[in-house]
Amino acid sequence: MVRPQRGRKREGDSSVASKKVWEDKTMAAKEQTSARQSLTEKISTKEKISYGCGDLASNLILVLTSTFVAYFYTDALGLNAAIIGSIMMFSRFADGVTDMLMGYVMDRVKTKYGKARPWLLWLAIPIAVACVLVFLVPNTGTVGKYIYVTITYNLVTTFLYTMINIPYGALTSLMSRDQGQRTVINVFRMFMAQFGSLIINASTLPLVNKMGGSSNQKSWIIVSAIYAVVAAILFLVCFKNTKERVTVSSEQKEEVNFVQSLKLIFKNSQWLLLCGIWITMCLGMGASGAVGTYYAKYILMNENMAGFISSVSIIPVLILMPFCVPLSLKYGKRNVALVGTFFSLASQLLMVINPTNATWLLVCSLIKGVGSATLTGTIFAMVADTIEYGEWKNGTRVEGMLYSTTTFGAKVGSGFASAVALWVISAAGYDGLAATQTASALSAIKALYLWVPIPFYAIMILFYVFYKLDKIYPQVMEELKAREAAKEKY
């Protein structure tokens, strides 16, 4: 009987173990190099513009399937506003849940393209196709239409948009860990996003009317197809020209389950404040935005004015947003955003002075645009900063979950506000196919558009007062760099 050669086996095991240790050290060295690079490497203008293309694409789909789709359902198809509002609210709550699940999935997916970028490649075409399907409502009877609307609307907003937008948003934190670079990236992103909103708000209804009228379903299908093709191309440009530089170190790759991830983010006090700001903003803007087209059609007597008023508010954003970078570096992102919120509140108060004068509302929208410039120019960079804060405080980095739970609150807030707005006008007697509306319906539209946003802007100011991360962020980054240096030395 031949005895096993135990010595050689131990020698082989030792060799395998040594190789494993060497591989681990090599991987750790690469990760540390990547971490240092993410703190120092400058992002090219081409990459920043390409990243912004992702939000331009997102807005082409999001604004079309949120701002205008309810008007399409009620005034082109004659569907009940309250039922449409209920479908949208269900979609937003479901969307919030899929946001968190998508963040959890994204934190665990790793490909040769990274953890966020590949979703842009995989979903660019599917979401474009689904966007067109939203407007291809077949004539299958009233119940059949509601079923089709529920399926296709949720396909876009609850699933595909979540699956592409959560990784896209988290990509900011993976491109760089430098606070200044992130602010610049965010400005490019939001500039492109606002440019997309300007295009859609200014051109959608005039384009639909040119194609045959807002009551003609075919017109909406053609316009949605145009936007969908452009969006798919822009998503692919974003994928091709961006780069993930931030990697999670080996020490942070331990398994953290869904519940543990939630506990970690809810220990992040600065994230909670930002989440409160975003939810509050979406509640106020959601209610007003849901009835914006109705207000223009029945109060201003010109439905195209809805797009013009929204577009005018975007012009100051495009002009002033680049100044958010130097202002944020000098005064802090919180302070810049706080001043902007006062502008937004003031503009909403001024609107009630002369609410039926379109010219006056355009002036108020210009003022509101000044406030929006600071809000949109800082919010995503502030969210990215809270990722580092959470890592510093809890020792674990969960960018996907943190970003997705932020959007969860925002989507639920906007969905709830939009649904309530549609319920209110429906209860007040609104009928999309009627030639004239009841006095109660008109009063409801006025109240939602003019008065409801005011208290929400006031609440946002309170949240900003308690936000302190700008002051301690340099300390946070110094300690994180010290930890990485200690790991590298070890």
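FYI, side chains are in, hydrogens and waters are out, and symmetry mates aren't considered; it's all heavy atoms of this structure.
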[X] side chain to [Y] backbone, donor-acceptor under 3.5 Å:
| X | Y | value |
| --- | --- | --- |
| Thr376 | Ser372 | yes |
| Asn165 | Tyr161 | no |
| Arg334 | Val465 | yes |
| Lys393 | Lys267 | yes |
| Ser288 | Gly284 | no |
| Gln348 | Leu450 | yes |
| Ser313 | Ser365 | no |
| Ser173 | Ala170 | yes |

Evaluate the side-chain proximity of [Y] to [X]: yes if any heavy-atom separation is below 4.5 Å, no if none is.
| X | Y | result |
| --- | --- | --- |
| Leu350 | Trp360 | yes |
| Leu375 | Ser344 | yes |
| Arg245 | Leu174 | no |
| Arg189 | Lys48 | no |
| Trp278 | Val383 | yes |
| Tyr168 | Ile164 | no |
| Glu47 | Asn241 | no |
| Tyr51 | Thr172 | yes |

Contact summary for [X] and [Y], nearest pair of heavy atoms:
| X | Y | value |
| --- | --- | --- |
| Gln181 | Asp178 | N-OD2, 2.7 Å |
| Ala124 | Phe235 | CB-CB, 3.7 Å |
| Val69 | Tyr153 | CG1-CE1, 3.8 Å |
| Asn268 | Leu402 | ND2-CD1, 3.6 Å |
| Ile61 | Val156 | CG2-CG1, 4.0 Å |
| Ala57 | Leu234 | CB-CB, 3.7 Å |

Does a sphere of radius 6.0 Å around [atom1] in [X] hold more than 12 heavy atoms from other residues, nucleotides or ligands, not counting ones at 6.0 Å or beyond?
| X | atom1 | result |
| --- | --- | --- |
| Lys240 | NZ | no |
| Ile315 | CD1 | yes |
| Tyr473 | OH | yes |
| Trp451 | CH2 | no |
| Tyr389 | OH | yes |
| Met285 | CE | no |

Problem set entry | Candidate pair Gln270 and Lys468, rule side chain to side chain donor-acceptor pair (under 3.5 Å), full reasoning | CA-CA 7 Å; Gln270 301 306 294; Lys468 66 177 183 178; over 6 Å; no
For this session: Might you work through the side chain to side chain contact (heavy atoms under 4.5 Å, CB included) test for Leu448 and Tyr294, ending with a clear yes or no?
Result: CA-CA 11 Å; Leu448 290 163; Tyr294 302 107; over 6 Å; no
For this session: Decide yes or no on side chain to side chain contact (heavy atoms under 4.5 Å, CB included) for Leu345 and Met460, but give the supporting numbers first.
Result: CA-CA 10 Å; Leu345 175 59; Met460 285 174 61; over 6 Å; no
Exercise. With under 30° as parallel and over 60° as perpendicular, where do the rings of Trp119 and Trp122 fit, or are they tilted in between?
Worked result: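 Judged by the thresholds at 30° and 60°, the geometry between Trp119 and Trp122 is perpendicular.
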For this session: Evaluate the ring planes of Trp271 and Phe266, with Trp represented by its six-membered ring, and classify them as parallel (under 30°), tilted (30 to 60°) or perpendicular (over 60°).
Result: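 Ring orientation of Trp271 relative to Phe266: perpendicular.
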Exercise. Just checking, any donor-acceptor pair under 3.5 angstrom between side chains of Thr157 and Asp95?
Worked result: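 No.
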Exercise. Can Asn201 and Ser311 be counted as having a side-chain donor-acceptor contact under 3.5 angstrom?
Worked result: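 Short answer, no.
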Exercise. Yes or no on salt bridge (charged side-chain N to carboxylate O under 4.0 Å, His left out) for Glu388 and Arg483, after CA distance, side-chain angles and deciding distance?
Worked result: CA-CA 13 Å; Glu388 256 66 51; Arg483 293 178 194 175; over 6 Å; no
Problem set entry | Lys/Arg-Asp/Glu bridge criterion (N-O < 4.0 Å) met for Glu391, Lys481 |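 Looking at Lys481 together with Glu391, the answer is no, because their closest N to O distance does not fall below 4.0 Å.
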Exercise. Are Thr158 and Thr98 close enough, and set up right, to give a side chain to side chain donor-acceptor pair (under 3.5 Å), and what steps lead you there?
Worked result: CA-CA 7 Å; Thr158 305; Thr98 56; 5.7 Å; no
For this session: Working to the nearest 0.5 Å, report the span between CG of Leu64 and OG of Ser224.
Result: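 Leu64 CG to Ser224 OG: 6.5 Å, rounded to 0.5 Å.
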Exercise. Passes side chain to side chain contact (heavy atoms under 4.5 Å, CB included), Lys368 versus Tyr457? Steps please.
Worked result: CA-CA 11 Å; Lys368 183 178 289 188; Tyr457 282 124; 4.0 Å; yes
Exercise. Does the gap between the ring centers of Tyr113 and Phe239 come in under 6.0 Å?
Worked result: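 Ring-ring flag for Tyr113/Phe239: true, centres closer than 6.0 Å.
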